[in-house]
Amino acid sequence: MRKKEFPTMPRRRTRTLRALTLALAAVLLVAGCQSAIAQQQDSATRSLAPGQAAPQGGDLRVGVLGDMSPKTFLQIGTGNLAGQVVSNVFDTLIRYSRDDLTVRPSLATGWRLAPDGLSLTLDLRSDVRFHNGKPFVSSDVEQSLKAYLSGPWTPQFKRTAAAITSYDTGDPHRVVLRFAHPLSNIFDLLDSAPILDAQTLPALKAGKAYVGTGPFRFDSWQPNSSLRLVRNDSYWGGRPNLDAVTFAIIRDQQSLYTRLRTGQIDVAYGLNYHDQQLATQRYGFKDVTFTGAEAQEYVGINVTNPALSDVRLRRAIAYAIDRPRIINDVFRQSGYVVNLPWPKWSPAYDAGANSTYRRDVEKAKALVAEHGPVPPIPLDYSTQGVDRVVAEIVQSNLKDVGIPVTLIPNDQTQQASKLIGGKFEGIWLLQHAFAQFTPSTLAVSAYPFNAAKNSSNYINPDYAAAATAAWTVADGSSPAALAAYQKLDDIWLRDLFLVEIGVVFQKIATSSSVGNVDWDRRNQLHLKDTYLDTSGRNS
Amino acid sequence: MLGYLIRRIPTALIVLAVASILIFSILRLIPGGPEAALAGPDASPDQLAAIRHDLGLDRPFLVQYFAWLGGILTLNFGQSYQVGGAISDLIGYGLINTVVLTLSALVIAVALALTLSLAATISENRWVHAVLVGINAVAIAIPTFVIGTVLILVFGVQLRWLPAGGTPPGGYTENLQFSLQYLLLPALTLGLPAGAVLARFLTEALHTELRQPYAVTARSLGVPRRTIVVRNALRNALPPTLTALGLVIGGLLGGAILVESIFGWPGLGLLTEEGIFARDYPLVQVLVLLSVTVFVVLQLAADVLHAWLDPRIRLAGQ
C-alpha cells in the first residue's frame, strides 16, 4: 500500500543508479588507464647486459631521510641533503681514494709539500668554470677556505683551516698555502672543503644559490619534498650520464623502505639495517656498502662520575660488552668488532690491540668486586636509529657482571646537546666519525676524543701531547706519525674514557637499473658516473 | 549578528595572546637547543656558543619574546634555523599541501558522515543499523597510524594500485589522475576517523529530531521516515553538527601531522615535526600559533554560523 501512495522506488532506483555511475566514474578517474605506480615501477626491473655501455640520460630518484639545511651545509656526517648537494654541485681540490688515504687529483692536478711541512703548493686546473660561467682561479681557493672558517657553518676541519696562515694566489692557476705548523691532516681538509664561488657566497649562506664547478647544477628545492639537480653539460671531467637527480625527502624510515619496494625511488639512502637486509636479500635490490666512510659505535664514559672515575669499573665495562652480538644482531653484520677506532685499512689499525677487551664475564666480575658495590649507572641513548636495542644489550651485559644500569632515552638533539655540554651523568651510546681520515684528525676534530675538552671530561697532559704530536707531523703516514698514533692507542686502551664497540658501515639499496654509484669519506653520493637504465620507463 | 561577533572577538584575542606565551615558553623548556641540532654531535662547545650568539639565543627571554611578537604583528615571521629560508615561504608551500590534504579529507569525512548517519537513521532494519554503528565504532577506534600503515601495505605495497607516499612529481595540476591517486590514501586515512566522529554527532542529532513532535506528527500522518529525515530533520540537526565540524577540522589539522609523516606528504604537519626535532624555535612558534589561530577562527565561524541558524543563541547575551 505504501508503495502505491508514495511512488518513491523508481526515483530511488534512478538516484542509486546515478550515485553508482558517479562512484564508478570516480574510481575510473583515480585508478583508471594511467597509473602513477605503473609509471614509476618499470625502472626497478631493468639491468644492463654484460659489456653494454652505460646508458645516457634519465632522472635518478634518490630517497633520503633528511631535508636540506643551508646552515649545516658544511657539516660532516649529519646525513642531511646539503651533503649530497656539496658532493655533486661542488668539487674539492683533491679526492681521497676509497681504499686508503691515497690523494687523487680533482681541481688540483698536482701538489708539493715543503720538506719542513710548512707550506703546500697546489697546481690548479685551468679549464674549469663555475656554473655561472666564471672561470675557476686560485683566489677562489683562498675565498673558499676562508669561508669555511667564517661560518655560519660548523665544519669539522676548522682547526686545520685556521692553521693556514697565508695564501699566495699570484698565479691564477697555482696556490701556495703556508701553515703555522706542519699539518698531518691538511689533505683531509682539501678532500672535504668544497670550492665555492666567492661572488655568490652571501646567497649560498642564505640557502638561495648553490654555484659550484661540479657535474650537476642546482635546479630547485621544495622544502620537505624534493631537491633537483640537473646535468652540467660543460663539466670539466666529462659529461655526466644522468640528465638529472631528484632527491625525494622522506621523513620516515618505513616510508623510505615502502617507496623503494614500490619503485617510487631508485635509491634508498638511510634504511635501517633490517630493512636494508630485507630489500637486498629478499627483494633483489642491490646492496652498496660505503667502505672507507666507516663510523664507530661506542660507549662513552664520564670519568668524573664517582663510580666511573675508577678505571677498574671502566675496564669491567669493556670486558662485559658483547660486541659480536651487537654487530651481528643489531647491525646485521654490517661491520666488525674493534677495541680501537681505526677501520682495517687505516695506517693506525692494529689487529693485536683490537683483541685487548673481549667479553669475559668472570674478569669483569672480578674487577667489579675489587671496586665494591656499584650504584645504578645512567645510560643515555638516542631514540632515533638502532641505539635503543644496543642500549638494552649493553644494559643486560652490564647487569651480568654486577653493574646496574638505568636507561635514559633522548631524542637526537637532546643527545647531541648533552654530548657537547659534557652533561652525561654516567655512560652513553653514540657513533663517532673521523677515524676514516688521517688518524690525527680523530684527536683534534672529533669532540668525544678532543684532548683539550671532551664529553668524558677526561683531561690528561700526556694525551694532549700525543694528540698534538700526531697532528703536527708533516706526513700522516710517517714513522713519527705512526709512533704518535701508537701512543694514543695505548692511552685509550689504558684509560678507557670511551669503549669502542665496532666499526659500522653506511649502506644504501638501489634498484638493479642503477649502476656506478660512487661515494666519499663523508658518506656523500657522487653521481657523475652513475647511470640509470630508463628503457622501461613510460615517461 | 555583528554585535554577537564583536562580543566574541576579545575572548579569541586573549586565547591567542596566552597561546603565544605558552608556545614560546614551552619550546624553550624542551631539553637540547637549536644550536645542538645545527652543530651536530662532533661540534665543540665553542662552536655551540657561536651559533647561540648568531641566532640571538643568548639574549634575555623577554627580549626574545617581544622581538618575535613584534615580528608576528608586522607579519615578519623571520627565518628558519634549520630548514633555511623565510618562514613565510616555507609555510606558503606547506600550506598548499596541507590545505589540499585537509580539504580532501574533509570531503571524505562529510560524505562518510552523511552516508552513515542517513543510512543508520532512515533504515529501520536492526541489522543494517547494527552494521553501520559497528563500522562507525571501528573507524573511530582504530588509530590513524594503523589505518595509514594498513592502507599503504594493502594498496601501495601488495596490490600496487596507489602510490605508497609522496606528492605528485609534476604538481597537482600536471596530471589530475595522478594527483588523485597520490591523494587518495592519505586523505582516506585522515578522513575516515573524522567522518566517523561526525557521523556519530549527526546520527544522535537526527534521532533527537525524530523524537520531536513535528516528526512524530508527520510519521502519524503517513509521511515516510526517509522524507522526514531528509527534508526536515537533517536541516534541524545540522547546527549542532556544524559546531562539531569546527572541532573536526581542528582535529584534521592536528591529525595531518601524523598522516603527513606516514605518507611523506610535505605539508605543515611534516614541517612542524621537523621543526620540533630540530628545535627550530621560530618555525615551530609560527606554525603552532597559526594552528591555534585557525582553530580559534574556525570555532568563531562555527559559533557565528550556529547563532545565525538559531536566533535563540545570538539573542541570549543581549
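Protein chains get the first letters and strands the later ones, always in sequence-line order, with residue 1 at the start of each.
Other residues, nucleotides and ligands contribute more than 12 heavy atoms inside 6.0 Å of the CD atom of A/Q384.
Remark: A/D411 engages B/R279 in a salt bridge, criterion side-chain N to carboxylate O under 4.0 Å. For the pair A/R251 and B/E273, the salt-bridge criterion is not met [side-chain N within less than 4.0 Å of a carboxylate O].
Looking at B/I51, the atoms closer than 4.5 Å to chain A (heavy atoms on both sides) all sit in the side chain, from C-beta outward. Only the side chain of B/I152 comes within contact range of chain A, with heavy atoms under 4.5 Å apart. In this structure, chain A has a heavy atom under 4.5 Å from the side chain of B/L55, while its backbone stays farther away. If you measure heavy-atom distances from B/L48 to chain A, the contacts under 4.5 Å come from the side chain alone.
For chain A, the option among B/G32, B/G33, B/P45, B/G166 with the highest count of heavy-atom pairs below 4.5 Å is B/P45. Note on B/G165, B/A50, B/G94: by heavy-atom pairs under 4.5 Å with chain A, the leading option is B/G165. Highest contact tally toward chain A, considering only B/P168, B/P266, B/A278, is held by B/P266 [criterion: heavy-atom pairs under 4.5 Å].
Contact of the B/W265 side chain with the A/S225 side chain is not registered, since no non-hydrogen atoms from C-beta on lie closer than 4.5 Å. Using a 4.5 Å heavy-atom cutoff, the side chains of B/V157 and A/T262 are in contact.
Residue B/S80 holds its OG atom at 9.0 Å from CG of A/D67, rounded to the nearest 0.5 Å. Residue B/Y93 holds its OH atom at 3.5 Å from CD of A/Q222, rounded to the nearest 0.5 Å.
Nearest heavy atoms, A/Q264 versus B/A164: OE1-N, 2.9 Å.
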